[in-house]
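Before any comments, here is the structure.
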Amino acid sequence: MKQEPGLTKFGKYGGQFVPEVLMPALEELTEQYERYKDDAVFNEELNYYLRDFGGRPSPLYHAKRLSKEYGTKIYLKREDLVHGGAHKLNNTLGQALLTKYMGKKRIIAETGAGQHGTACAMAGAAFGISTEVYMGAKDTVRQRMNVYRMELMGAKVIPVRSGSQTLKDAINEAMRDWVANVETTHYMIGSVVGPHPYPMMVRDFQSVIGKEVRTQIMGKEGRFPDSIVACTGGGSNAMGIFHPFIGDDDVALFAVEAGGGGLKSTDKEALHSATLCAGEEGVLHGARTKVLQNKYGQILESSSIAAGLDYAGVGPELAYLADIGRIKPCYSLDSEALEAFHDLCRLEGIIPALESSHAVAYVKKAAASGELGDVVVINISGRGDKDLETVLGVKHEN
Ligand SMILES: *Cc1c(COP(=O)(O)O)cnc(C)c1O
C-alpha cells in the first residue's frame with residue numbers, strides 16, 4: 001500500500017504535467033529533496049524550528065463536552081495552536097529550510113485567501129530568505145489584513161491584474177517567475193497538489209501531525225483510534241494526519257470535503273468543492289487527479305464558505321487512496337459546518353476554522369450511525385479568528 005518514495009505517480013494519479021521548461025526545476029527539486037529528507041542534520045534543524053518557533057507538538061485534546069453531545073469519544077488534534085493558527089506552517093518551515101540547504105536565496109509563492117502566503121512570510125522571515133507572494137488583485141482587496149500581515153513580516157505581495165485577478169492567475173505568474181529564476185528561487189506550494197515531488201514532499205512535511213497522534217493516542221487510550229476525520233481542500237492537513245496510519249487497516253480515514261450548498265453543478269459553476277465525491281479524472285496544476293470539470297473538460301468554479309477548501313482539484317494521492325478504498329470521501333454542507341462551528345465554540349471554548357468545522361460537522365452526522373467507532377480523532381486544522389466576519393455576515397443575512 002505504501003508508495004515508493006521516488007514514485008512519481010499514485011496509481012494513475014500524480015505525475016508532472018508541466019511545460020518542458022519546468023522539467024529541470026522539478027528534477028532538481030526532486031533530487032535535493034531526496035538528498036535531505038532523511039539527513040540527520042536537516043531533520044534536527046527542522047525539528048528545532050517546529051518545536052521552538054512553531055510550538056510543536058500540538059496537543060491532542062479529549063473534548064469531553066463535545067463527546068457527550070455527539071455520542072462518541074472525540075479527541076481534537078490542535079493544529080489551531082501552531083504558530084500562525086493553522087497546520088500550514090509545518091510545510092512552509094520544511095520548504096524554507098530546504099531552500100536554505102539548496103543554497104537558494106529567494107522564495108516565491110502564490111496565495112488565494114492569504115493563509116499560505118502568511119505562512120510563507122513567517123518561514124521566510126524566520127530563515128532570513130527574501131519572500132515574494134503572488135496574489136490576485138481582487139484577492140488583495142478582499143484579504144487586506146493578510147496582505148498587511150505578510151508585509152509586516154517582510155514579504156513582498158505582488159498583485160496580479162491579468163485574467164480573473166484571482167488565485168489561478170496568481171499561479172500562472174508564479175510559474176512564469178520560477179521558470180525565469182529557477183537558479184536562485186524556490187517555488188513554495190501550499191498543499192499536496194501540483195507536479196511531483198510537491199504532493200509527496202508536502203505530505204511528508206505535514207506527516208508530523210499523524211506521527212504525533214500515534215504517540216499521543218497510545219498514551220491516552222493504549223490503542224489507535226477507530227477513525228480519523230480531516231477536512232480536505234487540496235488535502236495537506238488530511239494527508240498529514242492520515243499518512244502515518246495508512247498501513248493500519250483498523251483505523252478508518254475520513255476525508256471531509258466542502259459540500260457548499262449541495263452537490264449540484266451548472267456548466268460553469270459547482271455549488272461545492274467536493275472533488276473526491278463529485279469530480280472526474282483530469283489534469284490540473286501539473287498533476288493528473290480528480291477535478292471539478294464540465295463535459296468538455298473545462299474547470300468549474302468551485303464554492304465553499306471556507307476559503308481554504310474552495311478548490312476545484314485535490315491532491316493526487318487522495319484520489320488514489322479513495323479509488324482503492326483506503327480513505328472514505330464524504331462532505332459537509334456550508335450550513336452543517338456553521339452549526340458545528342458554533343457547537344465547538346459553545347461546548348469547548350475553541351473557535352475552529354470554518355475549514356476544520358467541516359470535519360467536526362461530519363462527526364456530528366456520522367457518530368449516530370456507528371460508522372466512526374468508539375474513539376475518533378478530528379484534525380482541527382486551524383483556528384477560526386480569521387472567519388468571524390464570514391460567520392457574522394451569515395448571521396445578519398438570516
Ligand atoms: C488552507 C487550510 C485548509 C485547506 O488546505 P488542505 O491542504 O486541504 O489542508 C484547511 N484548514 C485550514 C485552517 C487552512 O488554513
Side-chain angles (χ1 to χ4, degrees), residues 58 76-92 94-95 109-120 122 139 143 146 149 167 188-194 198-210 228-243 253-258 273-276 285 287 289-290 302 304-319 321-322 327 329 331-332 337 340-341 344 350-362 378-388 390:
S58 69
L76 306 176
K77 181 58 173 164
R78 299 290 310 275
E79 293 300 295
D80 58 310
L81 293 178
V82 174
H83 179 44
H87 68 293
K88 286 196 164 70
L89 185 75
N90 305 328
N91 171 44
T92 58
Q95 288 196 51
E110 93 291 306
T111 194
Q115 299 303 114
H116 173 55
T118 304
C120 288
M122 273 170 193
D139 291 334
Q143 304 290 341
N146 276 334
R149 269 186 198 104
L167 179 64
M188 202 118 105
I189 291 185
S191 189
V192 288
V193 301
Y198 286 101
M200 175 183 80
M201 181 174 68
V202 177
R203 173 201 74 197
D204 291 348
F205 286 139
Q206 290 291 0
S207 289
V208 64
I209 306 173
I228 299 176
V229 183
C231 68
T232 303
S236 70
N237 87 88
M239 279 315 304
I241 197 167
F242 292 168
H243 185 65
L253 307 172
F254 293 82
V256 187
E257 301 193 297
S273 310
T275 316
L276 292 168
H285 299 145
T289 184
K290 290 202 169 145
S302 56
S304 170
I305 193 170
L309 303 182
D310 196 346
Y311 181 57
V314 67
E317 189 170 14
L318 285 148
L321 292 170
I327 64 168
Y331 65 90
S332 300
F341 169 92
L344 200 54
I350 295 170
I351 302 177
L354 282 174
E355 289 85 358
S356 323
S357 302
H358 284 71
V360 180
Y362 188 75
I378 306 177
N379 200 10
I380 302 298
S381 53
R383 66 171 181 233
D385 304 63
K386 67 183 180 59
D387 296 319
L388 296 190
T390 307

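In each ligand, atom 1 is the first atom listed, and ligand 1 is the first ligand listed.
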Taking distance alone, no hydrogens or angles, what donor-acceptor pairs closer than 3.5 Å link side-chain atoms of residues 235-242 to residues at least two apart or in another chain?
residue: Ser236; atom: OG; partner: His87; partner atom: NE2; Å: 3.1
residue: Asn237; atom: OD1; partner: Asn379; partner atom: ND2; Å: 3.0
residue: Asn237; atom: ND2; partner: Cys231; partner atom: O; Å: 3.0

Report yes or no: do Tyr198 and His285 form a side-chain donor-acceptor pair below 3.5 Å?
no
Could you pull out all residues at least two apart from Arg383 that satisfy side chain to side chain donor-acceptor pair (under 3.5 Å)?
none
Taking OH in Tyr331 as the centre, count heavy atoms belonging to other residues, nucleotides or ligands within less than 6.0 Å. Is the count above 12?
no
Nitrogen or oxygen contacts under 3.5 Å, ligand 1 side and protein side:
residue: ligand 1; atom: 7 (O); partner: Ser191; partner atom: OG; Å: 2.6
residue: ligand 1; atom: 7 (O); partner: Gly235; partner atom: N; Å: 3.3
residue: ligand 1; atom: 7 (O); partner: Ser236; partner atom: N; Å: 2.8
residue: ligand 1; atom: 7 (O); partner: Ser236; partner atom: OG; Å: 2.8
residue: ligand 1; atom: 8 (O); partner: Gly233; partner atom: N; Å: 2.8
residue: ligand 1; atom: 8 (O); partner: Gly234; partner atom: N; Å: 3.2
residue: ligand 1; atom: 8 (O); partner: Gly235; partner atom: N; Å: 2.7
residue: ligand 1; atom: 9 (O); partner: His87; partner atom: NE2; Å: 3.0
residue: ligand 1; atom: 9 (O); partner: Ser236; partner atom: N; Å: 3.4
residue: ligand 1; atom: 9 (O); partner: Ser236; partner atom: OG; Å: 3.2
residue: ligand 1; atom: 9 (O); partner: Asn237; partner atom: N; Å: 2.8
residue: ligand 1; atom: 9 (O); partner: Asn237; partner atom: ND2; Å: 2.8
residue: ligand 1; atom: 11 (N); partner: Ser381; partner atom: OG; Å: 2.7
residue: ligand 1; atom: 15 (O); partner: Lys88; partner atom: NZ; Å: 2.6

Before you tell me yes or no, could you show the steps for Asn91 and Gln206 under side chain to side chain donor-acceptor pair (under 3.5 Å), namely the whole-Å CA-CA distance, both residues' side-chain angles and the distance that decides it to 0.1 Å?
CA-CA 6 Å; Asn91 171 44; Gln206 290 291 0; 5.5 Å; no
Only counting residues at least two apart or in another chain, list the ones meeting side chain to side chain contact (heavy atoms under 4.5 Å, CB included) with Lys290.
Tyr13, Thr275, Val314, Ala319, Asp323
